[in-house]
Asks: 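Pasting a structure below so you can have a look.
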Amino acid sequence: MEGTSLTAVDAVKTLARLNGSFIKTDSKISYQLDKSSENFRLNLFSTGGFLPALRFHSEDDAYSSEWTVSPKEITKYKEKNGGFIELDYVYNRNFKLPLKKKDPDFYNVIKDLEIEDFVKKMMDLRENMDSFDLFKAEYEEAEKSIERKSSITWKEKLSAFSYAMNYPAAALFS
């Protein structure tokens with residue numbers, strides 16, 4: 001079975017529940033395999049060693065029109081830039097500027113980083129921490145975000161940026 005991100009996690013949970021039970025005692029969860037599923041096994045791997053990011057409370061509407069660069073804006077930008085759209089332009093417009101308004105503290109940490117530097121900074125954090133420890137910390141953070149109905153602003157804006165990249169990328173091929 002193949003899958004990525006939370007789809008893979010959902011599939012693993014479903015298969016595990018069909019072949020056994022999760023048992024919670026105190027603050028620990030263990031798994032008990034059903035006798036009829038003695039040959040059941042899952043092999044999990046990640047080519048990069050990362051576990052998926054988790055859902056959290058989001059204040060923005062999914063696929064907001066504010067996330068996108070309009071076709072008119074894309075055309076104007078391309079005309080002024082030799083037919084290209086710089087990734088850093090979309091990164092600044094759809095990630096950094098919204099962060100400046102909604103999370104000035106995080107913005108101040110990344111304000112001087114171009115996209116490659118930001119990715120390196122985030123990847124360094126992920127690579128220098130045990131994947132399961134990071135996943136647990138992100139789970140706890142996401143759980144609090146959902147309970148408080150409070151967004152994790154930089155993750156929300158990063159999601160918006162990812163979506164916003166669809167339009168300029170499509171414009172490259174039009």
Side-chain angles (χ1 to χ4, degrees), residues 2-11 44-146 148-174:
E2 288 183 36
T4 60
S5 197
L6 292 174
T7 303
V9 172
D10 289 341
L44 305 175
F45 72 94
S46 168
T47 56
F50 303 123
L51 293 168
L54 296 168
R55 293 183 185 110
F56 53 88
H57 175 77
S58 180
E59 294 171 3
D60 286 345
D61 292 334
Y63 312 114
S64 168
S65 61
E66 292 177 18
W67 294 359
T68 62
V69 181
S70 72
K72 185 177 180 180
E73 186 178 352
I74 290 170
T75 301
K76 279 186 176 181
Y77 191 89
K78 284 172 63 175
E79 287 171 359
K80 293 179 183 177
N81 293 281
F84 295 97
I85 302 166
E86 294 177 336
L87 184 57
D88 279 316
Y89 168 75
V90 182
Y91 166 72
N92 287 321
R93 182 191 183 279
N94 289 82
F95 181 63
K96 286 170 71 174
L97 288 178
L99 270 179
K100 187 175 184 177
K101 295 176 191 170
K102 291 193 85 174
D103 191 346
D105 292 337
F106 189 80
Y107 172 79
N108 284 328
V109 171
I110 65 146
K111 69 181 178 184
D112 297 324
L113 300 178
E114 294 300 327
I115 192 164
E116 291 87 0
D117 301 319
F118 174 77
V119 169
K120 183 176 179 352
K121 182 179 182 70
M122 295 295 111
M123 292 304 292
D124 285 349
L125 290 172
R126 294 186 78 79
E127 289 170 349
N128 292 322
M129 190 170 185
D130 177 81
S131 295
F132 290 97
D133 290 339
L134 179 62
F135 192 75
K136 182 179 179 186
E138 287 183 345
Y139 176 83
E140 291 167 357
E141 179 186 47
E143 197 171 50
K144 288 176 187 172
S145 166
I146 291 166
R148 290 190 306 245
K149 294 186 168 78
S150 174
S151 175
I152 303 167
T153 306
W154 78 268
K155 289 183 178 183
E156 182 176 61
K157 297 307 170 199
L158 186 59
S159 176
F161 168 66
S162 299
Y163 180 75
M165 284 307 303
N166 288 327
Y167 292 94
L172 291 173
F173 302 103
S174 61

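Only a predicted model underlies this, so the values are computations on that prediction, with no experimental measurement involved.
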Asks: Apply side-chain hydrogen bond (donor to acceptor under 3.5 Å, both in side chains) to K111 and list each qualifying residue two or more places apart in sequence or on a separate chain.
Replies: none

Asks: What residues, two or more places apart in sequence or in another chain, satisfy salt bridge (charged side-chain N to carboxylate O under 4.0 Å, His left out) together with K100?
Replies: none

Asks: Report the residues that fulfil side-chain hydrogen bond (donor to acceptor under 3.5 Å, both in side chains) with E116, sequence neighbours left out, ordered by chain and then residue number.
Replies: none

Asks: Would you be so kind as to tabulate the donor-acceptor pairs closer than 3.5 Å made by side chains of residues 79-87, with sequence neighbours excluded?
Replies:
unit_1 : atom_1 : unit_2 : atom_2 : d
N81    : ND2    : Y77    : O      : 2.8
E86    : OE1    : Y77    : OH     : 3.1

Asks: For L99 and F106, work out which heavy atoms get closest and say how close.
Replies: CD1-CD2, 3.6 Å

Asks: Return the set of residues passing side-chain hydrogen bond (donor to acceptor under 3.5 Å, both in side chains) with Y107 (not counting sequence neighbours), or none when no residue passes.
Replies: none

Asks: Pair D124, K120 - check salt bridge (charged side-chain N to carboxylate O under 4.0 Å, His left out), show working.
Replies: CA-CA 6 Å; D124 285 349; K120 183 176 179 352; 3.1 Å; yes

Asks: Of all residues at least two apart in sequence or in a different chain, which pass the side-chain hydrogen bond (donor to acceptor under 3.5 Å, both in side chains) check with D133?
Replies: none

Asks: Taking atom NZ of K78 and atom CD1 of I74, what is their separation to the nearest 0.5 Å?
Replies: 7.5 Å

Asks: Could you report the tightest heavy-atom contact between N92 and E114, atom names first, then the distance?
Replies: ND2-OE1, 4.2 Å

Asks: Identify the two heavy atoms, one from L113 and one from K96, that lie closest to each other, and give their separation to 0.1 Å.
Replies: O-NZ, 3.0 Å

Asks: Where do F118 and I110 come nearest, in terms of heavy atoms and distance?
Replies: CD1-CG2, 3.9 Å

